[in-house]
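A short write-up of the structure that comes next.
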Amino acid sequence: MAKMNFGGVVEDVVTKEEFPLEKAREILKDETIAVIGYGIQGPGQAGNLRDNGFNVIVGQRQGKTYDKAVADGWVPGKTLFSIEEAAEKGTIICMLLSDAGQIAVWPKLKKYLTKGKTLYYSHGFAINWQDRTGVVPPEDVDVVMVAPKGSGTSLRTMFLEGRGLNCSYAIYQDATGKAEEKCIAFGIGIGAGYLFQTTFHKEATSDLTGERGSLMGAIEGLFEAQYEVLRSHGHSPSEAFNETVEELTQSLAPLFGEKGMDWMYANCSTTAQRGALDWAPRFKAAIKPVMEWLYLSVENGTEAQISIDKNSLPDYREKLNAELQAMHDMEMWRAAETVRQLRPENN
Ligand SMILES: NC(=O)c1ccc[n+]([C@@H]2O[C@H](COP(=O)([O-])OP(=O)(O)OC[C@H]3O[C@@H](n4cnc5c(N)ncnc54)[C@H](OP(=O)(O)O)[C@@H]3O)[C@@H](O)[C@H]2O)c1
């Protein structure tokens, strides 16, 4: 572990320097890693582990996703199995089904969690809300988590580019006394950037807050509000979109991603800086009560229950697709397509 100072708060983190890949391979050399589910995280984690020399098999039900696994080089009967067969063969069972899928298959899978095996998650959801999900692991297995802080697609592409995606890790149950070293070895194996410690509870609540908040929900709400105000005052779609989204994603976000918000501000006009410094606290004051409301709704299980109920419906995929289509069809995101076409690199 390395001690790192995060804005005055010291945290223990793990990187490949303290925990090299060779050590991770040594710790997991006798394990069969069964990646259950080949959606978004499945291909990223299974692919990185395989390329890093770990013993990996995939468990996936028949259908389009199974065919994708075959296309990615997983061999039926050798490295690709049904969910139950993979769970039987695996010593580390990785629950990378959708959160609703994990609830649905749990009654079939739990019998394969025999003494000394490891149950692995990439989200605290199933365990943290176990009163709602019904996922209660047997006491003689290790239960661990490595949660990549980004899409499984990024985990894979960053790995192929020689970079790593930051991940949190947590131990829920240590039956063998080796849960932590196995968990960290797994994180190094999937190509984590740095690993920081959390609990299943903290990961689940921060993750649901983040995606409903600044990472996805709040940012779309902010964009829509500003775009609509500009349009209602006679600004063209091109102007409204550039001032709301394009300048942020193409010019400003890379600057603060690279060197911090003050540095981005310092590279804008004094007019922009003055106004942004004045308006940031007003937005914060308006938004903070909604953030508190959101956190409460996550913390008391409301958000988890909504997600379980909606995503367990037989037509959940069609319903989600219809909502995404409505977003796709909004003028703002249609304007976005034209703006993208007009980017110099696309001409
Ligand atoms: N998405 C991310 O990048 C991301 C990031 C960090 C953590 N996580 C966590 O990683 C885990 C996996 O997430 P994900 O986004 O990769 O999941 P996902 O893409 O939604 O998972 C889909 C997988 O679950 C299977 N599945 C769904 N319902 C099923 C059912 N009833 N029976 C059997 N299989 C079922 C799908 O099979 P079919 O295709 O056949 O339906 C597919 O293999 C979750 O705990 C998630 O919170 C995800």
Side-chain angles (χ1 to χ4, degrees), residues 34-49 57-72 74 80-87 93-110 119-130 133-135 143-159 164-170 172 186-187 190-193 195-196 198 200 202-212 215-216 298 303-304 307-308 310-321 324:
V35 170
I36 309 293
Y38 203 74
I40 309 290
Q41 277 298 321
Q45 297 196 24
N48 292 1
L49 286 162
I57 59 174
V58 170
Q60 170 59 45
R61 68 179 171 188
Q62 289 292 331
K64 265 200 216 157
T65 311
Y66 185 94
D67 299 343
K68 179 179 183 296
V70 174
D72 286 351
W74 300 96
L80 177 60
F81 300 93
S82 71
I83 289 177
E84 289 195 51
E85 276 176 302
I93 299 178
C94 307
M95 292 294 263
L96 296 184
L97 302 167
S98 67
D99 295 312
Q102 292 176 25
I103 299 169
V105 304
W106 177 251
K108 277 194 286 184
L109 275 199
K110 62 181 177 195
L119 177 61
Y120 166 95
Y121 287 95
S122 281
H123 192 5
F125 194 105
I127 296 288
N128 186 55
W129 285 293
Q130 60 185 191
T133 62
V135 175
V143 183
V144 304
M145 172 179 71
V146 176
K149 297 292 121 187
S151 166
T153 309
S154 317
L155 185 76
R156 183 68 182 152
T157 51
M158 288 170 83
F159 174 81
L165 186 64
N166 299 333
C167 299
S168 61
Y169 75 94
Y172 175 73
F186 199 103
I190 64 168
L195 287 145
F196 60 95
T198 186
F200 275 63
K202 285 206 169 91
E203 194 281 336
T205 48
S206 61
D207 194 71
L208 266 70
T209 302
E211 62 207 7
R212 282 153 181 73
L215 303 178
M216 292 170 71
V298 171
E303 295 300 312
S307 169
I308 292 168
K310 298 275 179 189
N311 296 336
S312 302
L313 296 172
D315 59 348
Y316 81 97
R317 186 50 68 194
E318 290 74 24
K319 287 195 165 139
L320 276 177
N321 285 344
L324 292 183

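All residue numbers refer to positions in the sequence shown, counting from 1. Just follow the structure's listing: the first ligand is 1, and inside any ligand the first atom is 1.
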One line per pair, note the atom names and distance for all nitrogen or oxygen contacts under 3.5 Å between ligand 1 and the protein.
{"residue": "ligand 1", "atom": "3 (O)", "partner": "Gln41", "partner atom": "NE2", "Å": "3.1"}
{"residue": "ligand 1", "atom": "3 (O)", "partner": "Gly152", "partner atom": "N", "Å": "2.9"}
{"residue": "ligand 1", "atom": "16 (O)", "partner": "Ile40", "partner atom": "N", "Å": "3.0"}
{"residue": "ligand 1", "atom": "16 (O)", "partner": "Gln41", "partner atom": "N", "Å": "2.7"}
{"residue": "ligand 1", "atom": "19 (O)", "partner": "Ile40", "partner atom": "N", "Å": "3.2"}
{"residue": "ligand 1", "atom": "21 (O)", "partner": "Ser98", "partner atom": "N", "Å": "3.2"}
{"residue": "ligand 1", "atom": "24 (O)", "partner": "Ser98", "partner atom": "N", "Å": "3.2"}
{"residue": "ligand 1", "atom": "32 (N)", "partner": "Arg61", "partner atom": "NH1", "Å": "3.2"}
{"residue": "ligand 1", "atom": "37 (O)", "partner": "Gln60", "partner atom": "NE2", "Å": "3.2"}
{"residue": "ligand 1", "atom": "39 (O)", "partner": "Thr65", "partner atom": "OG1", "Å": "2.3"}
{"residue": "ligand 1", "atom": "40 (O)", "partner": "Gln60", "partner atom": "NE2", "Å": "3.1"}
{"residue": "ligand 1", "atom": "40 (O)", "partner": "Arg61", "partner atom": "NE", "Å": "3.0"}
{"residue": "ligand 1", "atom": "41 (O)", "partner": "Arg61", "partner atom": "NH2", "Å": "2.8"}
{"residue": "ligand 1", "atom": "43 (O)", "partner": "Tyr38", "partner atom": "N", "Å": "3.0"}
{"residue": "ligand 1", "atom": "43 (O)", "partner": "Gln60", "partner atom": "OE1", "Å": "2.6"}
{"residue": "ligand 1", "atom": "45 (O)", "partner": "Asp99", "partner atom": "OD1", "Å": "2.9"}
{"residue": "ligand 1", "atom": "45 (O)", "partner": "Gln102", "partner atom": "NE2", "Å": "3.1"}
{"residue": "ligand 1", "atom": "47 (O)", "partner": "Asp99", "partner atom": "OD2", "Å": "3.2"}

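Remark: side-chain polar atoms of Gln102 are paired, donor with acceptor, to backbone N or O of Met95 under 3.5 angstrom. Of the possible donor and acceptor atoms, none in the side chain of Gln45 sits under 3.5 Å from a partner among the backbone N and O of Ile190.
In this structure, the side-chain contact (heavy atoms from CB on, under 4.5 Å) partners of Lys149, at least two apart in sequence or on a different chain, are Ala147, Ser168, Phe196, Glu203, Asp207.
Between Thr153 and Ile40, the closest side-chain pair of non-hydrogen atoms falls below 4.5 Å.
For the side chain to side chain donor-acceptor pair (under 3.5 Å) test with Tyr38, the passing option among Asp67, Asp72, Thr65 is Asp72; the others fail.
Of all heavy-atom pairs spanning Pro148 and Gln41, the tightest one is CG-OE1, 3.4 Å.
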